[in-house]
Structures are given as C-alpha cells and as structure tokens.
Chemist: 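I have a structure here, written as structure tokens, and I will follow up with some questions on it.
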Amino acid sequence: MLKNLSIITFILLISTVAFAQNKSTYTSLAAKCKATKQSSDDGYVGICEGVGGFKLEVSEGDLRQNIQVISPTKKKFDLGLWSIYSGFSSVGEKAEWRVKGTVPTALIVRFNVSDAEDSSKITSYLMVAKVSKTSACVVDVVMPGKTQNAEAQKIADKALTMACRKSE
C-alpha cells in the first residue's frame with residue numbers, strides 16, 4: 001500500500017513539473033494572414049492568428065516590416081522591430097509562441113535585416129518578446145549562431161521577468 005502511494009505521488013509530481021514547463025506552438029506570419037490594407041504606396045498590413053486569443057499584426061512600409069501583438073481584449077502592443085534595426089527587413093514565415101499550459105508568455109520571431117552597405121547581405125536575428133494581456137515588448141535579440149534557437153527559447157522562458165529592450 002505504501003509502495004503504491006509512493007508511486008502515485010511520484011507520477012503526480014512528474015506530471016506537475018511537465019505541465020509547468022513552457023512549450024512551443026507555431027503560427028504562420030505569411031500564408032494564413034488576412035490582409036487588411038495593401039497598396040503600392042501605403043504598404044501592407046495583415047492580421048495573423050496567434051494563440052490564447054492573441055493575434056499578430058504584420059505591417060510593411062518602405063521595405064521594412066514590423067509586428068504588433070494584439071491582446072484578447074484588442075489592445076495593440078508595438079514590438080518596434082524596425083526601430084531596433086532600421087535596414088530593409090522582413091519577418092520570418094512563422095512565429096514561435098512559448099506557452100505555459102495554454103497561456104502565451106513569450107514570442108520568438110525571425111527578423112531578417114539587410115546590410116546598409118550591401119543589401120544582398122542579410123543577417124537573421126531572433127527577436128524575443130514577452131507577452132501578457134497587459135503588455136508585449138522585445139526583451140532581447142539573439143544573434144545568428146548554431147545555438148540561436150535554443151538560446152532564444154531559454155530567454156523566452158524567463159522573458160516575463162525581463163525589462164523591455166530600448167531601441168538603438
């Protein structure tokens with residue numbers, strides 16, 4: 001009887017730890033977005049599905065892209081990607097949401113920036129943002145490298161405790 005109780009307690013403990021860990025969920029920043037504005041002069045704005053009631057607004061103007069996080073209550077939070085790196089830019093095709101249970105806590109997006117001297121040279125950063133119902137902002141930028149994705153996830157998992165990054 002005591003042995004069975006110990007086994008049950010162990011299983012419950014493992015289940016609790018596994019549930020408490022953040023997991024990744026991916027959404028599209030391209031194919032499944034609904035264009036709300038598109039013209040050759042004013043650029044593009046599209047709304048993309050997110051998770052947990054959140055959505056993402058991708059906008060483009062002057063060959064630069066940006067993302068705003070839209071909360072379930074329709075509040076918009078500008079990530080200001082184009083003010084962190086001002087070169088010609090584009091976001092990747094998917095967003096990685098770090099979720100605890102079903103609640104998003106962070107967002108990781110690829111941000112491709114052209115070199116000012118040679119636009120054919122592109123640097124691909126991972127932008128890590130904290131996400132909550134009351135705020136969203138970039139907290140860190142992960143430089144290209146072999147461990148870029150793992151590094152970004154590690155930062156994302158502590159993003160809610162980090163300060164917002166200032167524009168350069």
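Bear in mind the structure is a predicted one, so any value in this text is a computation, not a measurement.
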Chemist: We want to know whether R64 and S86 form a side-chain donor-acceptor pair, criterion being a heavy-atom distance below 3.5 angstrom.
Modeler: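 No donor-acceptor contact under 3.5 Å links the two side chains.
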Chemist: With a 4.5 Å cut-off on side-chain heavy atoms, are R165 and M127 touching?
Modeler: no
Chemist: Does anything in residues 114-130 form a salt bridge (Lys or Arg N to Asp or Glu O under 4.0 Å)? List the pairs, not counting sequence neighbours.
Modeler: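 Sorted result for residues 114-130: empty, none.
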Chemist: Are a donor atom and an acceptor atom from the side chains of Q65 and S90 found within less than 3.5 Å of each other?
Modeler: no
Chemist: Looking at L79 and V138, what are the two nearest heavy atoms and their distance?
Modeler: O-CG2, 3.6 Å
Chemist: Any side-chain to backbone donor/acceptor pair from S71 onto K75? Under 3.5 Å, distance only.
Modeler: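 The answer is yes, because a donor-acceptor pair under 3.5 Å joins these two groups.
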Chemist: Hey, mind stepping through N112 and S124 against side-chain hydrogen bond (donor to acceptor under 3.5 Å, both in side chains) and telling me if it holds?
Modeler: CA-CA 4 Å; N112 304 304; S124 186; 2.8 Å; yes
Chemist: Would you say the side-chain atoms of S135 pair up with the backbone N or O of S132, donor to acceptor, closer than 3.5 Å?
Modeler: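 Checked: no pair found.
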Chemist: Between I67 and D78, which heavy-atom pair has the shortest distance, and what is it?
Modeler: O-OD1, 3.7 Å
Chemist: Judged by modelled atom types alone, do W97 and S24 share a side-chain donor-acceptor pair under 3.5 Å?
Modeler: no
Chemist: Looking at T36 and V45, would you say the former's side chain and the latter's main chain have a donor-acceptor pair under 3.5 Å?
Modeler: yes
Chemist: Can you tell me how the ring of Y85 sits relative to the ring of F111, calling it parallel under 30°, perpendicular over 60° and tilted otherwise?
Modeler: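 Rings of Y85 and F111: tilted, 30 to 60°.
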